[in-house]
Amino acid sequence: MLPAEERDTTAVPANPAADLDVFDPNVYARGVPHETYRRLRDEDPVHWQEEYEVGGWPAGPGFWAVTRHADVVRVLRSPTEYSSWIGATQIRDPDPADLPFIRRMMLNLDPPEHGRLRRIASRVFTPRRVERFAADIERRARRLVDDIVERGECDLPVDVTDDYPIQNLADLLGIPEEDRDRILAWTNRVIGYQDPDHAEAARGPDGRPVNPRSPAMLADMFEYAHTLADAKRRDPSDDLMTALATAEVDGRRLSDPELSMFFFLLVIAGNDTVRSGLPGGVMALLDHPDQHRRLLDQPQLLDSAIDEMLRWHPPVLSFRRTAVRDTVLAGRPIAAGDKVVVFHASANRDERAFADPERFDVARRTGDHVAFGDGPHVCLGAHFARLQLRIFYREFLWRLPDLEPAGPPVRLVSNFIAGIKHLPVRYTPVRRSDVR
């Protein structure tokens, strides 16, 4: 090959997508950048993204942004090529001192180690156990809606949907009533660390940002997890924490670090998926009043509508992997050690995977969206999430059929979670029903 100074680069076309940015968390606060995603899918589907300093967080080495559905699925299904363990699963590189700790989480493991923990989780997090809580979830949804129906307006996340998944998850885990406020504080600290409303909780004494997944920042959560597990072993009940504290696979129980990381994963992911998905689904209906009316007229479409809401507004925007070895993705050479970030929100609008993807259609019959991921790390709690979504929408949408926006939404500053902090809505006040 000729030395760089002797190469003729005049015939090399400039990449028109080179300056497109899907990293800045502030962009997502203004709305998911779907037009940018579309251009990347068309022009540069495996796109080199600079990782600059933002919000006090230092610059990183950059990463490959993967935006087409087929390529996203390939990365998620190929742990031997694209590892969750090497650098964990967040875009930002963790502190090297924290990495061994972070790698203990099931989310950050590769097969075969991942398989053992997945088997434990699958045995305790069963549809039967989840469905046992359906009646309690129905009563909670009815009570939360009862609390706002006479007002004529509300801020949906603040007044209703933030609390709903927290309480459902706490029931499933067996967390006492008096401890449940901790879940929201932990979630805001871990998920909202890029957002000014929550960032102070993820800063050290010197005011500098601290990785919210570091041992220091999770110490209080883990201390609580082990206190709760000890209580469940002394006084077991039919809840998920009892099952985790006493479960055995291959002749041994979960180690203390494994139990800690399971608790972290369930509390954070188990809560925020529904917390983000619920108002996102309502917002999609408000933005498409014809489909809103269609669903109200045809309630049998609710299950397909939920999948369409998840395709339209996936709670998780992106996930990171690290290339295990030199490889090629969509014709782009990827070097071993490179960060590879898949964008679920882009894959779900890919014209190559979905017919007319910019049309929101509550009757769409496809389950190929990646709102819950794919491959060995596909969301373990997808059944529980769908159950909560179905029960809430059934209670909320038909009791307030003339729902309409009362102001613009306020989104979370995050390139990871498509959070909705505020969604003002108005409706005709109706008489509060009796809580049954």
Side-chain angles (χ1 to χ4, degrees), residues 4 7 9 12-30 32-69 71-72 74-76 78-79 81-99 102-103 107-108 110 193-195 202 208-214 316-347 413-418:
R7 291 182 215 155
T9 59
V12 178
N15 180 357
D19 294 331
L20 295 181
D21 185 354
V22 291
F23 171 66
D24 187 354
N26 297 291
V27 167
Y28 294 86
R30 299 190 289 271
V32 179
H34 286 295
E35 177 56 25
T36 301
Y37 288 157
R38 185 196 62 76
R39 283 194 57 194
L40 288 177
R41 290 193 302 268
D42 289 347
E43 302 171 23
D44 196 16
V46 180
H47 166 77
W48 182 252
Q49 171 67 59
E50 298 293 336
E51 190 182 349
Y52 42 82
E53 185 278 331
V54 62
W57 294 87
F63 58 87
W64 296 105
V66 182
T67 50
R68 287 183 182 171
H69 185 277
D71 299 326
V72 167
R74 176 184 161 184
V75 170
L76 293 177
S78 307
E81 289 183 292
Y82 304 102
S83 168
S84 299
W85 181 83
I86 292 174
T89 50
Q90 297 297 299
I91 292 177
R92 290 283 186 195
D93 287 330
D95 188 300
D98 293 341
L99 185 55
I102 293 169
R103 282 171 167 169
L107 192 67
N108 299 327
D110 295 329
Y193 74 96
Q194 295 173 316
D195 190 291
R208 295 171 62 85
V210 177
N211 186 342
R213 295 169 178 80
S214 66
V316 178
L317 294 163
S318 64
F319 256 120
R320 174 252 182 103
R321 299 291 190 265
T322 304
V324 176
R325 56 179 179 268
D326 292 352
T327 185
V328 176
L329 183 64
R332 178 78 71 181
I334 308 292
D338 282 356
K339 288 195 279 191
V340 177
V341 177
V342 297
F343 284 83
H344 300 178
S346 174
V413 179
S414 175
N415 54 20
F416 175 47
I417 292 290

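Everything numeric in this text was worked out from a predicted model, so none of it was measured. Numbering starts at 1 and runs along the sequence shown.
With sequence neighbours excluded, the residues forming a side-chain contact (heavy atoms from CB on, under 4.5 Å) with Ile86 are Ser83, Thr322, Val324, listed by chain and number. Residues passing the salt bridge (charged side-chain N to carboxylate O under 4.0 Å, His left out) test with Arg38 are Glu35, Asp42, sequence neighbours excluded. Taking the side chain to side chain donor-acceptor pair (under 3.5 Å) definition, one finds that Asp21 meets it with Gln49, Tyr52, sequence neighbours left out. A search for ring-ring contact (aromatic ring centres under 6.0 Å, His included) contacts involving His47 returns nothing, not counting sequence neighbours. Residues satisfying the side chain to side chain donor-acceptor pair (under 3.5 Å) test with Thr36, not counting sequence neighbours, are none. Residues passing the side chain to side chain donor-acceptor pair (under 3.5 Å) test with Thr89 are Asn108, sequence neighbours excluded. Looking at residues two or more places apart in sequence or on another chain, you find a salt bridge (charged side-chain N to carboxylate O under 4.0 Å, His left out) between Glu81 and Arg74. Qualifying salt bridge (charged side-chain N to carboxylate O under 4.0 Å, His left out) partners for Arg332, counting only residues two or more places apart in sequence or in other chains: Asp44. Annotation: side chain to side chain donor-acceptor pair (under 3.5 Å) contacts of Asp71 (sequence neighbours excluded): none. With sequence neighbours excluded, the residues satisfying side-chain contact (heavy atoms from CB on, under 4.5 Å) with Pro61 are Glu51, Asp93, Lys339. Residues satisfying the ring-ring contact (aromatic ring centres under 6.0 Å, His included) criterion with Phe343, sequence neighbours excluded, are Tyr37. Annotation: ring-ring contact (aromatic ring centres under 6.0 Å, His included) contacts of Phe416 (sequence neighbours excluded): Phe319.
At least one side-chain heavy atom of Val316 sits less than 4.5 Å from a side-chain heavy atom of Ile417. Inter-residue side-chain proximity for Ser318 and Ile91 is flagged as met; some heavy-atom pair is nearer than 4.5 Å.
Looking at Tyr82, its side chain never comes within 3.5 Å of a backbone N or O of Arg320 through a donor-acceptor pair. Remark: side-chain polar atoms of Arg41 are paired, donor with acceptor, to backbone N or O of Ser346 under 3.5 angstrom. Proximity of a side-chain donor or acceptor of Asp338 to a complementary backbone N or O of Ala335 within less than 3.5 Å is detected.
Separation of atoms CG (Asn26) and OG (Ser414) is listed at 10.5 Å; rounding is to 0.5 Å. Distance CZ/Arg321 to CG/Asp110: 8.0 Å, rounded to 0.5 Å. If you take CH2 on Trp64 and CG on Leu329, they are separated by 10.0 Å, rounding to the nearest 0.5 Å. The structure places CD1 of Ile334 at 12.5 Å from CZ of Phe63, a figure rounded to the nearest 0.5 Å. Here the straight-line distance linking atom OH of Tyr193 with atom CG of Asn211 works out to 7.5 Å at 0.5 Å rounding.
The two residues Arg103 and Trp85 come nearest to each other via the heavy atoms NE-O, 2.9 Å. Closest approach of Val66 to Val72, counting heavy atoms only: O-CG2, 3.6 Å. For the pair Gln194 and Pro25, the tightest heavy-atom approach, listed with the atom from each and the gap, is OE1-CB, 3.7 Å.
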